[in-house]
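Heads up: the structure comes next, in structure tokens.
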Amino acid sequence: EDVQKILEVAKIPKPSRITVFTAPAWKSELLKFAAGEAGKSGKFDFGVVLKSAMPDARFKQHAKELPAVLKALERPVNYYKENPLPEADEYALLSGSKSALSAVFGCAVEVVHADDANKENDPQGKAGKALPFKPAIFVR
């Protein structure tokens with residue numbers, strides 16, 4: 001659905017390649033952490049969760065990005081604070097669907113962990129936007 005929207009907005013009738021970037025592990029960990037924190041109090045409190053996450057070793061090296069990513073995760077956190085997080089491996093799931101996606105869009109589809117993005121497969125820096133269950137997409 002997201003790819004279709006991109007194709008429509010960008011007015012790309014026939015893409016030559018689609019690259020799907022799955023979220024880095026730390027963002028998935030942040031979602032779990034934030035949902036757990038929100039579940040304790042029954043609501044997502046950005047300030048409280050941010051203050052709790054900042055000193056955590058899993059997130060410390062991402063301190064500059066942490067507030068923006070946490071804000072982007074607010075909606076899923078509010079859902080997952082009361083519902084179990086899926087245990088599915090998003091990368092494996094999308095990789096296993098490459099041939100079906102390729103058939104739907106009529107071009108090659110590549111699935112890449114955001115941590116493995118480089119200038120060749122991500123010339124526009126889309127991988128940094130990947131969130132858990134909301135991959136970043138680059139269409140050529």
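Note that the numbering runs from 1 along the sequence shown for the chain.
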Q: Mind checking side-chain contact (heavy atoms from CB on, under 4.5 Å) for Pro76 and listing every partner two or more places apart, or none if nothing turns up?
A: Leu31, Leu73, Tyr80
Q | Residues which pass ring-ring contact (aromatic ring centres under 6.0 Å, His included) with Phe44, listed by chain and number, not counting sequence neighbours | A | none
Q.
In the structure I gave you, are the side-chain heavy atoms of Pro132 and Ser28 within less than 4.5 Å of one another anywhere?
A. yes
(Q) I need the full list of side chain to side chain donor-acceptor pair (under 3.5 Å) pairs touching residues 39-49, with sequence neighbours left out, sorted by first then second residue. (A) Glu37-Lys40
**Q.** Close side-chain approach of Lys98 to Val111, heavy-atom, < 4.5 Å
**A.** yes
**Q.** Considering all heavy atoms, the nearest Lys27-Ala23 contact
**A.** CB-CB, 4.4 Å
Q | Pairs flagged by side chain to side chain donor-acceptor pair (under 3.5 Å) wherever residues 121-136 is involved - sequence neighbours left out | A | Asp2-Lys134
Q: Look at the side-chain heavy atoms of Ile, Leu, Val, Met, Phe, Trp and Tyr, link any pair under 4.5 Å apart, and say whether Ile12 and Ile137 land in one connected group.
A: yes
Q.
If you compare all heavy atoms of Gly106 against all heavy atoms of Lys14, which two are closest, and at what distance to 0.1 Å?
A. O-NZ, 2.7 Å
Q: Taking the side chain as every heavy atom from C-beta outward, state whether Pro135 and Glu90 have any atom pair closer than 4.5 Å.
A: yes
**Q.** Whichever hydrophobic residues join Val9 through chains of side-chain contacts under 4.5 Å
**A.** none
Q.
Looking at Glu8 and Lys5, is there a salt bridge between them, counting it only when a charged N and a carboxylate O are closer than 4.0 Å?
A. no
**Q.** pair Val109-Leu94: side-chain heavy atoms closer than 4.5 Å
**A.** no
Q. Among pairs that include at least one residue of residues 18-37, which meet ring pair (Phe, Tyr, Trp, His ring centres under 6.0 Å), considering only residues two or more places apart or in two chains?
A. Trp26-His62, Phe33-Phe59
(Q) Counting C-beta onward and ignoring hydrogens, is there a side-chain heavy-atom pair between Leu7 and Phe105 closer than 4.5 Å? (A) yes
(Q) Counting C-beta onward and ignoring hydrogens, is there a side-chain heavy-atom pair between Ile18 and Leu101 closer than 4.5 Å? (A) no
Q. Can you tell if the side chain of Glu110 reaches within under 4.5 Å of the side chain of Ser95, non-hydrogen atoms only?
A. no
Q | Lys60 (side chain) donor-acceptor with Met54 (main chain) under 3.5 angstrom | A | no
Q | Smallest separation among heavy atoms of Ala25 and Asp115, with atom names | A | N-OD2, 4.1 Å
Q) Should Leu50 and Leu66 count as side-chain neighbours, where that means a heavy-atom distance under 4.5 Å? A) yes
